[in-house]
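Just so it is clear, the model here is predicted, and its values are computed rather than measured. Chain letters run A, B, ... following the sequence lines, proteins first, then strands; residues in each count from 1.
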There are 2 protein chains.
Amino acid sequence: METRKIYNRIAILRRDRNLSRVELAGAIGVNFQTIGYLERQDYNPSLDLAFKISEYFELPLELIFSTEAFAPLSADLLKAKTTKGDHNDE
Amino acid sequence: METRKIYNRIAILRRDRNLSRVELAGAIGVNFQTIGYLERQDYNPSLDLAFKISEYFELPLELIFSTEAFAPLSADLLKAKTTKGDHNDE
DNA sequence: ATTAAATGTTGCAAGAATACAACATTATGT
DNA sequence: ACATAATGTTGTATTCTTGCAACATTTAAT
């Protein structure tokens, strides 16, 4: 299978919470260098690790990992504010 | 890292759409035996493969994969119906 | 009942993810 | 400027994922 690179927001989320890689790694239960590999997108996390990270940040997996490059977090923030109150369910 | 087993709904979703493993595998671009491994939960898919499957079924990844065992699909269906119209955003 | 399709099982090979160590570079605080 | 923390780099070993082949069992259709 031609493995695609999955993009992620680990680095920004980590900095947003003022954590070092060592701290984040400790909290999640992986080697701190593994966090580095993921932030640099040297390789994709396993599905289990992706879930662990999403659980740690208390964010849906799709908000942290994506098959396409992410826009800056701030853009998403703005979009969320703009859409506030819109309930277009169907 | 002590890898957890991730549960999935691939088998039910596949049957729901009347696909054989060969067909599903072909559509996604993996070996048909790989679908079998995943359905039996012999191992977890890579994050990329999980995304491919979620894209194929046009369902959010968390609806197909979970760190905890799934209730039957029908239960979720009922819950969705019950919650219809509830917009508790904040 | 027979056949064909679908699924399960085992085993081996290749590739990807993770751990870990040692060392280099960059940032931060004083 | 110095010390320390944080991050990056390279390399090796182990485990997990995927592909693939061969064969067994189950299911479905006729």
Side-chain angles (χ1 to χ4, degrees), chain A residues 1-57 59 61-70 72-73, chain B residues 1-57 59 61-70 72-73:
Chain A
M1 194 187 52
E2 345 72 59
T3 314
R4 293 175 298 181
K5 191 213 304 231
I6 306 290
Y7 299 88
N8 74 70
R9 279 168 159 166
I10 299 172
I12 329 101
L13 290 172
R14 179 173 63 77
R15 289 196 183 114
D16 194 42
R17 311 213 181 179
N18 286 305
L19 298 164
S20 72
R21 287 185 185 161
V22 173
E23 292 170 316
L24 177 57
I28 289 178
V30 293
N31 191 279
F32 83 98
Q33 321 213 36
T34 298
I35 302 294
Y37 286 125
L38 298 181
E39 291 190 352
R40 271 174 253 122
Q41 263 132 204
D42 277 354
Y43 51 65
N44 298 336
S46 66
L47 183 56
D48 183 30
L49 181 48
F51 266 113
K52 279 179 184 148
I53 292 169
S54 121
E55 284 158 13
Y56 177 80
F57 285 119
L59 289 173
L61 199 144
E62 277 102 340
L63 221 85
I64 307 181
F65 300 96
S66 169
T67 191
E68 290 169 36
F70 280 106
L73 254 189
Chain B
M1 195 187 50
E2 344 74 59
T3 312
R4 293 174 298 182
K5 189 212 306 225
I6 306 291
Y7 299 88
N8 73 70
R9 279 168 159 166
I10 299 172
I12 329 101
L13 290 172
R14 179 173 63 77
R15 288 197 183 113
D16 194 43
R17 311 214 180 177
N18 286 305
L19 297 165
S20 72
R21 287 186 184 160
V22 173
E23 292 170 315
L24 177 57
I28 289 177
V30 293
N31 191 278
F32 83 97
Q33 321 213 38
T34 298
I35 302 293
Y37 287 125
L38 298 181
E39 291 191 352
R40 273 174 251 121
Q41 263 133 206
D42 278 354
Y43 51 65
N44 299 334
S46 66
L47 184 55
D48 183 30
L49 181 49
F51 267 113
K52 279 179 184 147
I53 292 169
S54 121
E55 284 158 12
Y56 176 80
F57 285 119
L59 290 173
L61 199 144
E62 277 102 340
L63 222 85
I64 307 180
F65 300 95
S66 168
T67 192
E68 290 170 36
F70 280 107
L73 254 189

Table please: side-chain donor-acceptor pairs of residues 28-39 of chain B below 3.5 Å, with sequence neighbours left out.
unit_1 : atom_1 : unit_2 : atom_2 : d
B/N31  : OD1    : B/Q33  : N      : 2.9
B/E39  : OE1    : B/R14  : NH2    : 3.1
B/E39  : OE1    : B/R21  : NE     : 3.1
B/E39  : OE1    : B/R21  : NH2    : 3.0
B/E39  : OE2    : B/R14  : NE     : 2.6
B/E39  : OE2    : B/R14  : NH2    : 3.3

To the nearest 0.5 Å, tell me how far B/S46 OG sits from B/K52 NZ.
-> 7.0 Å
To the nearest angstrom, how far is B/F51 atom CZ from C/dA16 atom C1'?
-> 17 Å
What string of B, S and - do you get for nucleotides 15-23 of chain D, 5' to 3', when a contact is any protein heavy atom under 4.0 Å?
-> --SBSBBB-
note: B/N18, atom CG; C/dA6, atom P; distance rounded to Å ~ 12 Å
The reported gap from OG in A/S54 to CG in A/L13 (rounded to nearest 0.5 angstrom) is 10.5 Å
Nucleotide N/O to protein N/O under 3.5 Å, stretch nucleotides 25-30 of chain D:
none

Nearest heavy-atom pair of B/F65 and B/P45: which atoms, and what distance?
-> CE2-CG, 3.7 Å
With DNA chain C as reference, determine whether B/R40 or B/E23 sits nearer its 5' end, using the nearest nucleotide of each.
-> B/E23
A/T67 (side chain) donor-acceptor with A/I6 (main chain) under 3.5 angstrom | no
With a 4.0 Å cut-off on heavy atoms, is B/R14 in touch with a base, just the backbone sugar-phosphate, or nothing at all?
-> sugar-phosphate
What pair of heavy atoms forms the shortest contact from A/E23 to A/L19, and how long is it?
-> OE1-CA, 3.3 Å
Taken to the nearest whole Å, NZ/A/K5 to C1'/C/dG15 is 18 Å
To the nearest angstrom, the CG-P distance between B/L19 and C/dA5 comes to 17 Å
Nearest 0.5 Å please: distance from the CG atom of A/L49 over to the CZ atom of B/R4.
-> 9.0 Å
Under 3.5 Å, side chain of B/R17 to main-chain N/O of B/L24, donor-acceptor pair present?
-> no
A/E39 atom CD is separated from C/dT26 atom P, nearest whole Å, by 18 Å
Any donor and acceptor pair, going by atom type alone, linking the side chain of B/Q41 with main-chain N or O of B/Y7 inside 3.5 Å?
-> no
Atom CG of A/D48 and atom C1' of C/dA19: how far apart are they, to the nearest Å?
-> 15 Å
